[in-house]
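Lettering of chains follows the sequences in order, A, B, ..., and the numbering in each one begins at 1. What you see is a predicted model, and the numbers here were worked out from it, not measured in a lab. Computed over heavy atoms, backbone and side chain alike; hydrogens, waters and symmetry mates excluded.
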2 protein chains.
Amino acid sequence: MVTIKDVARRANVSVATVSRVLNQNGYVSEDASRIVLQTIKEMNYRPNAVARTLYKKTSNMIGLIVPDIENPFFPELARAVEDVANLYGYTVVLCNSDQDVEKEQRYVEALKQKYVDGLIMTSHQSQFNDYVDENIPIIALDRIGDERLTTVVANNYEGGRQAAHYLKEKGAKSLAHIRGPKGIASADERYRGFLDYVMENELEYVVEECSFQLSPAERLAARFYDEYPQADGVFASNDVVAAGFLKVALKRGIPVPDQLQLIGFDGISFGHMMYPELTTVAQPIYEMGALASRLCIKLIEGKEIDQSKNDPESFFHQLPVYMVEGDTTKK
Amino acid sequence: MVTIKDVARRANVSVATVSRVLNQNGYVSEDASRIVLQTIKEMNYRPNAVARTLYKKTSNMIGLIVPDIENPFFPELARAVEDVANLYGYTVVLCNSDQDVEKEQRYVEALKQKYVDGLIMTSHQSQFNDYVDENIPIIALDRIGDERLTTVVANNYEGGRQAAHYLKEKGAKSLAHIRGPKGIASADERYRGFLDYVMENELEYVVEECSFQLSPAERLAARFYDEYPQADGVFASNDVVAAGFLKVALKRGIPVPDQLQLIGFDGISFGHMMYPELTTVAQPIYEMGALASRLCIKLIEGKEIDQSKNDPESFFHQLPVYMVEGDTTKK
DNA sequence: TTGTAAGCGTTATCAG
DNA sequence: CTGATAACGCTTACAA
């Protein structure tokens, strides 16, 4: 591997000079600059990022921790984070926490040892108060729990309300909400929104709980349709669960949307892959990821940190959700 | 940040001693060891990975380059790679190449500068002969193009044959293959398999080409059903395209599987999220990722490199595919 | 068994 | 404008 020393030797200058033209700082004469650039090209020299990191204590890497990249919500998010990071010259290190606090902890530790410049952490049950003491910027994405962290979330509460409202408008008389796991903030919020709305409007409703996965959703759906045959408007806490409910309904020959209307949450892309297409409360997934990434970089590069301390708006970013009208609700 | 020096000072030993107990090599007395361990704990010292990397020229990181993490095939793969990497103490750096040769090149460059220990590169059009000269282990995953690279792929050719055979067995008379983009090896192989089988059996068939995405698939499907109303057995080159064809068929009221049978390829998890469930030629996705990861680590740690040079079996790993019978083909 | 010191490849300070 | 040189935090000969 060719180092800065090799270049310096060949160009008959000192390493300091080479470093200067590399970083474009400090004075360096036209001549020197030209010859150095030339030799760099000739020797195909690439500065060693690790050495640089060691000295500068910054790696141009961002750690992204997700509970499970296989959950279709996260690839879209990850993609956005990476796109923006890339734009600014950062590399993203992706980690699966598996919702395991210890595993997450280990990752954070490992990443810090690698001098990652910032961390973006997605939804999780823990409150992770421990992390705020870390000396690197952390963005909470789709995750609430510590007000001291810069946060990016969708308006889950409003989404819950909208779902209930939409079902009511479409004529559903007996609502159901399949809520996500207790303790996961986004699930809790969607539930709260739904509940507030049905209470305010004195609607008939039931609530069941289900993890954000297909198989549990299918099992629950089977039981649910037996138990609550009168339910004609189901709001699932995410699209995967909604898909499970849709699948079981179709399998049983329950007419969707005529007898049973169905709304999901998230707006992940495969909602469009099925037929009937899923009606869903969509989060601006890509925007959320992009924003989180941008904020993280902003914090890293030290811009506007103070401002954000004072301005609540730039501390807590809640993005609006929007209805995507598919075929699982009436026109 | 607490460094090895701090620990040494506090423990009244030299940094060398601390380093020795840290790495468990070289002689160190019971006493010294005890006190060092003690102070490490007290000071909550974590060795700096960057400094270590600089010296050792190894980072315990593996770079994983995928064309697009949003394509549902890759999260499963990535997950497997990461799980195994983790097991052996490696961190995975995920990069999206976007099928862009230059972007991929930039990533490889950037990763090398970070002293990644190995690279796993997934399907791509380029032949990337350039990379074999790199001085780090590279695994080609779901990607063929350079025989000198250790390769992990599914038996795409056989999959293509199986799909055609299955459709024939189920009584389809007029077959169609919606092949993936020319130049992508896996797509080419599936096509070859399909073609060989229909030729050998003198079956009626047509072939269309479509990129591995939903929208193009839907557009093509619409045209396709108009143009080839007699087609009663469609083999799509991946599950996303199959989903697109299924969706349009259902929308048009074409009875699936009675009038039209449909087979996808990949076996991604959302094939189960829809109803009717997709019949598909499944790749052992997780196993492929896990194997690639294991092979990469094996190469990194220098085991069996020579052996693999001689034994073709350990150079080219082709995993078997298997039919997943869903509801889009007859029972 | 332990310590000293020379790297690893950069950057930045400080004289010239 | 340029060049020595001291960091950055760790590992490992080589001495002791």
Side-chain angles (χ1 to χ4, degrees), chain A residues 1-37 39-40 43-61 89 109-117 135-136, chain B residues 1-37 39-40 43-61 89 109-117 135-136:
Chain A
M1 172 185 238
V2 31
T3 75
I4 199 172
K5 262 189 192 160
D6 302 327
V7 175
R9 188 160 27 231
R10 175 98 96 93
N12 269 114
V13 295
S14 71
V15 294
T17 302
V18 178
S19 177
R20 281 189 200 104
V21 339
L22 232 44
N23 300 289
Q24 316 202 52
N25 60 13
Y27 294 102
V28 43
S29 69
E30 277 290 309
D31 281 4
S33 176
R34 208 168 18 74
I35 191 156
V36 166
L37 253 17
T39 24
I40 284 180
M43 306 183 75
N44 192 28
Y45 163 72
R46 300 266 163 251
N48 180 314
V50 176
R52 179 176 282 174
T53 293
L54 179 58
Y55 186 90
K56 311 245 302 186
K57 295 182 186 317
T58 146
S59 62
N60 278 261
M61 293 197 297
E109 211 50 68
L111 291 172
K112 278 183 57 194
Q113 283 176 46
K114 291 191 198 306
Y115 281 136
V116 293
D117 297 332
N135 33 12
I136 58 175
Chain B
M1 174 184 235
V2 29
T3 76
I4 198 173
K5 261 188 193 160
D6 302 328
V7 175
R9 189 160 27 229
R10 176 98 96 96
N12 269 110
V13 296
S14 72
V15 294
T17 303
V18 179
S19 177
R20 283 188 199 103
V21 338
L22 232 43
N23 299 290
Q24 317 201 52
N25 62 10
Y27 295 103
V28 44
S29 69
E30 276 291 310
D31 281 3
S33 177
R34 207 168 20 73
I35 191 157
V36 166
L37 254 15
T39 22
I40 283 179
M43 306 182 75
N44 191 30
Y45 163 72
R46 302 265 163 251
N48 180 316
V50 176
R52 176 176 285 171
T53 293
L54 181 58
Y55 186 91
K56 312 249 298 186
K57 294 180 185 320
T58 145
S59 62
N60 278 261
M61 293 197 296
E109 211 50 67
L111 291 172
K112 277 183 56 196
Q113 283 177 44
K114 291 190 199 302
Y115 281 134
V116 292
D117 298 332
N135 33 14
I136 57 173

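- We find that CG of A/Leu54 is positioned 12 Å from P of C/dT10, with the value rounded to whole Å.
- For DNA chain D, the neighbouring residues in residues 19-32 of chain B, judged by any heavy atom under 4.0 Å, are B/Ser19, B/Arg20, B/Asn23, B/Asn25.
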Exercise. Take B/Asn44 and B/Val2 through the side-chain contact (heavy atoms from CB on, under 4.5 Å) test and state the conclusion after the steps.
Key: CA-CA 8 Å; B/Asn44 191 30; B/Val2 29; 5.8 Å; no
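- When the P atom of C/dT11 is taken as reference, atom CZ of A/Arg52 falls 4 Å away, rounded to whole Å.
- Using a 4.0 Å cutoff to heavy atoms of chain A, the contacted part of DNA chain D runs 5' to 3' from D/dC1 to D/dG9.
- In this structure, the side chain of A/Thr53 engages the main chain of A/Ala49 through a donor-acceptor pair within 3.5 Å.
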Quiz item: What's the verdict on side-chain contact (heavy atoms from CB on, under 4.5 Å) for A/Lys114 and B/Met61, showing C-alpha distance, side-chain angles and the deciding distance?
Solution: CA-CA 10 Å; A/Lys114 291 191 198 306; B/Met61 293 197 296; 3.8 Å; yes
Exercise. Could you check B/Asn60 against B/Arg52 for side-chain contact (heavy atoms from CB on, under 4.5 Å), going step by step and ending with a plain yes or no?
Key: CA-CA 10 Å; B/Asn60 278 261; B/Arg52 176 176 285 171; over 6 Å; no
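- A distance of 4.0 Å separates CG of A/Asn48 from OH of B/Tyr115, quoted to the nearest 0.5 Å.
- Computed from coordinates, the B/Lys5 NZ to C/dA5 C1' distance equals 11 Å when rounded to whole Å.
- If you take CD1 of A/Ile4 and P of C/dC8, they are 14 Å apart, rounded to a whole angstrom.
- Between the CZ atom of B/Arg9 and the CE atom of B/Met43 there is a distance of 8.0 Å, given to the nearest 0.5 Å.
- As rounded to whole Å, 17 Å separates atom C1' of C/dC8 from atom NZ of B/Lys114.
- A donor-acceptor contact shorter than 3.5 Å is absent between the side chain of B/Ser33 and the backbone of B/Val28.
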Quiz item: So A/Thr17 and A/Arg20, side-chain contact (heavy atoms from CB on, under 4.5 Å) or not? Walk me through it.
Solution: CA-CA 5 Å; A/Thr17 302; A/Arg20 281 189 200 104; 3.7 Å; yes
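- Summarising the geometry, the separation between OH on B/Tyr55 and P on C/dC8 is reported as 8 Å, rounded to the nearest angstrom.
- For the atom pair CZ (A/Arg10) and CD1 (A/Ile40), the distance works out to 12.0 Å, reported to the nearest 0.5 Å.
- The separation between A/Lys57 atom NZ and C/dT10 atom P is 18 Å, rounded to whole Å.
- Backbone-only engagement by B/Val13 is indicated by non-hydrogen atom pairs under 4.0 Å involving sugar-phosphate atoms exclusively.
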